[in-house]
Amino acid sequence: MMQDDHEMLNFTVGPVMSSDAVRAIGSEQVPYFRTPEFSQLMLENEALIKKFAKADEASRVVFITGSGTASMEATIMNTFTPNDKLLVINGGSFGQRFVQLCGVHHIPCTELIPEFGYDITDEMLAPYEQQGYTGFLVNINETSTGVHYDAERISAFCKRNHLFLVVDAISSFLADEFDMKALGADVMITGSQKALACPPGISIITLSPRGVERVCNHDAGCMYFDLKDALKNGDRGQTPFTPAVGILRQINMRLREIDEAGGEEAERRKIKAIAEDFRQRVKELPFDFVSHSPGNAVTPLHPRNVSAYDIFTTLKDEYHIWICPNGGDMRDRVFRVGHIGSLTIDDNTRLIEAMKDMQKRGLL
């Protein structure tokens with residue numbers, strides 16, 4: 001039986017806790033959407049996403065009804081062909097997903113595999129200079145390990161080598177600094193259920209002018225994920241097919257909330273403060289940090305004495321707190337604590353006190 005979500009404190013990395021104003025919209029009747037009013041809302045969504053991503057004025061934003069992986073796949077299908085040759089950073093579950101997508105769509109790729117928990121280095125990139133690569137894929141914050149890759153290093157490499165740069169910022173957008181135009185990123189992907197703190201179901205593709213041009217000259221080979229169609233409909237603030245209307249309304253509320261509270265910089269400062277507070281206080285407990293270059297969104301921890309999954313289960317069942325488990329070979333080695341969504345420093349206190357109580361009980 002599912003826990004009552006009202007009494008659960010949520011430290012996962014998505015879906016995260018939403019503000020009261022965002023949740024209130026979720027209880028309303030979903031309106032009809034082929035209207036000028038909904039178009040206006042969608043154009044405002046596009047403008048605010050571009051503002052917070054620091055995208056070029058001529059950039060465009062596409063809202064896909066589907067999870068982050070849908071937008072990862074749509075991007076691959078609309079910007080690359082089997083004639084491309086890509087570099088992919090594969091440092092965890094989500095880097096691996098890009099590799100899988102390249103395989104599914106027969107796009108040649110070379111994996112860059114950093115040491116577990118570490119950023120990539122210039123030495124790792126050096127062998128691939130001027131080797132005929134055409135694109136670069138990176139999950140800028142590898143959510144499974146918490147590693148935040150050096151965007152400046154990647155940007156410089158891509159500019160030198162004239163690579164089309166795709167940045168999955170699904171867990172990083174609004175949590176870490178990101179200047180799409182300055183970095184020369186051609187595509188930025190994010191999702192509704194991370195720092196946007198809305199229900200899952202919408203993922204977002206921001207295309208630079210060069211990205212728009214590439215999409216318009218490309219045959220996607222499918223209907224639902226054809227971004228040309230999405231861009232054409234987006235001109236009038238609409239989508240080709242029925243979108244998750246309620247979530248798009250919630251995204252609008254959330255984007256306006258962020259804008260009125262000081263914008264992307266203020267949201268990033270808030271998340272960073274919560275992350276730093278947690279990291280300082282958790283040092284007293286028998287855990288080791290996994291990431292040697294962490295972003296602000298999530299802190300992965302390696303428990304020294306017990307199974308990470310058991311910690312997740314005990315916190316969920318006995319303390320009404322969700323942390324984020326890992327899957328695969330990291331299931332028992334690493335758990336993650338998120339810092340995004342409607343969280344406060346007081347919430348950190350509740351989690352730390354629960355962990356200290358578990359330690360007293362011999363469960364850590």
Side-chain angles (χ1 to χ4, degrees), residues 1-19 23 67 91-94 96 116-117 141-148 170-171 175 191 193-195 197 199-200 270-292 294-364:
M1 194 168 131
M2 282 200 65
Q3 296 277 0
D4 178 354
D5 60 357
H6 291 290
E7 62 181 43
M8 294 296 288
L9 181 56
N10 184 351
F11 283 95
T12 72
V13 280
V16 299
M17 295 195 296
S18 303
S19 69
R23 286 168 57 216
S67 71
S93 311
F94 296 95
Q96 177 62 28
F116 183 77
N141 186 73
E142 174 50 71
T143 321
S144 65
T145 64
V147 173
H148 192 76
I170 289 173
S171 64
Q193 79 278 23
K194 304 294 185 181
K270 186 202 91 165
I271 293 168
K272 186 177 184 190
I274 290 170
E276 288 179 348
D277 172 78
F278 174 77
R279 287 168 190 168
Q280 191 56 41
R281 293 157 77 184
V282 82
K283 285 176 183 173
E284 302 171 35
L285 290 154
F287 306 129
D288 296 313
F289 292 107
V290 170
S291 173
H292 296 267
N296 295 323
V298 59
T299 302
L301 294 165
H302 168 60
R304 293 173 198 153
N305 309 315
V306 297
S307 157
Y309 198 84
D310 288 349
I311 294 172
F312 159 72
T313 303
T314 302
L315 284 169
K316 172 175 69 72
D317 293 343
E318 299 182 33
Y319 296 89
H320 305 295
I321 297 173
W322 280 314
I323 55 167
C324 213
N326 257 321
D329 63 355
M330 285 196 280
R331 181 183 186 271
D332 292 309
R333 290 167 48 216
V334 178
F335 68 86
R336 297 167 290 161
V337 175
H339 311 297
I340 52 180
S342 198
L343 287 169
T344 65
I345 298 289
D346 285 346
D347 294 329
N348 280 352
T349 300
R350 186 172 146 195
L351 175 57
I352 293 288
E353 284 178 354
M355 287 174 163
K356 285 181 175 174
D357 189 60
M358 285 175 65
Q359 188 179 31
K360 269 190 216 145
R361 295 170 59 201
L363 299 176
L364 292 183

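- The CD1 atom of Ile323 sits 10.0 Å away from atom CZ of Phe11, with the distance rounded to the nearest 0.5 Å.
- Nearest heavy-atom pair across Val16 and Ala197 is CG2-CA, 3.6 Å.
- Results of the side chain to side chain contact (heavy atoms under 4.5 Å, CB included) test with Arg336 over Thr299, Leu301, Thr143 single out Thr143 as the only residue that passes.
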Please walk me through it: do Glu318 and Arg361 pass side-chain contact (heavy atoms from CB on, under 4.5 Å)? CA-CA 12 Å; Glu318 299 182 33; Arg361 295 170 59 201; 2.8 Å; yes
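- When every heavy atom of Pro294 is checked against every heavy atom of His292, the shortest pair comes out as CD-C, 3.7 Å.
- Residues Ile345 and Ile274 come closest through the heavy atom pair CD1-CA, 4.0 Å.
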Would Gln193 and Val13 count as a side-chain contact (heavy atoms from CB on, under 4.5 Å) here? Give the steps. CA-CA 8 Å; Gln193 79 278 23; Val13 280; over 6 Å; no
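- Looking only at side-chain heavy atoms (C-beta outward), Arg331 and Pro325 stay at 4.5 Å or farther from each other.
- Side chains of Ser342 and Ser18 form no contact here, defined as non-hydrogen atoms less than 4.5 Å apart.
- To the nearest 0.5 Å, atom CD1 of residue Ile352 and atom CG of residue Leu285 are 5.5 Å apart.
- Side-chain contact check for Met330 versus Phe116: some heavy-atom pair is nearer than 4.5 Å.
- The ring-ring contact (aromatic ring centres under 6.0 Å, His included) search around His302 returns none, not counting sequence neighbours.
- Tyr319 pairs by the ring-ring contact (aromatic ring centres under 6.0 Å, His included) definition with nothing, not counting sequence neighbours.
- Residues Asp347 and Thr344 have side chains that bring a donor and an acceptor to within less than 3.5 angstrom of each other.
- Closest approach of Val147 and Ser291 over heavy atoms only: CA-OG, 3.5 Å.
- Between Asn348 atom CG and Asp277 atom CG the span is 4.5 Å, to the nearest 0.5 Å.
- Residues Leu343 and Met17 have side chains in contact (heavy-atom distance under 4.5 Å, counting atoms from C-beta outward).
- Using a 4.0 Å cut-off between charged side-chain N and carboxylate O, Arg281 and Glu276 make no salt bridge.
- You'll find the side chain of Ile311 reaches within 4.5 Å of the side chain of Leu364, heavy atoms only.
- By the 4.5 Å heavy-atom criterion applied to side chains, Gln96 and Glu142 are not counted as neighbours.
- Here the shortest heavy-atom pairing between Val282 and Met355 reads CG2-SD, 4.4 Å.
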Working for side-chain contact (heavy atoms from CB on, under 4.5 Å), residues Arg304 and Asp288: CA-CA 7 Å; Arg304 293 173 198 153; Asp288 296 313; 3.1 Å; yes
Check step by step if side-chain contact (heavy atoms from CB on, under 4.5 Å) holds for Lys316 and Met8. CA-CA 8 Å; Lys316 172 175 69 72; Met8 294 296 288; 4.1 Å; yes
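- Taking all atoms of both residues into account, the shortest heavy-atom contact from Ser144 to Gly92 is OG-CA, 3.5 Å.
- For the pair Trp322 and Leu315, the minimum side-chain heavy-atom distance is 4.5 Å or more.
- Side chains of Asn10 and Thr12: a donor-acceptor N/O pair is present below 3.5 angstrom, by distance only.
- The cationic group of Arg279 does not satisfy the cation-pi geometry with Phe287, failing either the under 6.0 Å distance to the six-membered ring centre or the 45° limit from the ring axis.
- Using a 4.5 Å heavy-atom cutoff, the side chains of Thr145 and Asn326 are not in contact.
- Sorted by first and then second residue, the pairs that involve residues 339-362 and meet ring pair (Phe, Tyr, Trp, His ring centres under 6.0 Å), not counting sequence neighbours, are Phe278-His339.
- To the nearest 0.5 Å, atom CD1 of residue Ile321 and atom CZ of residue Phe312 are 12.5 Å apart.
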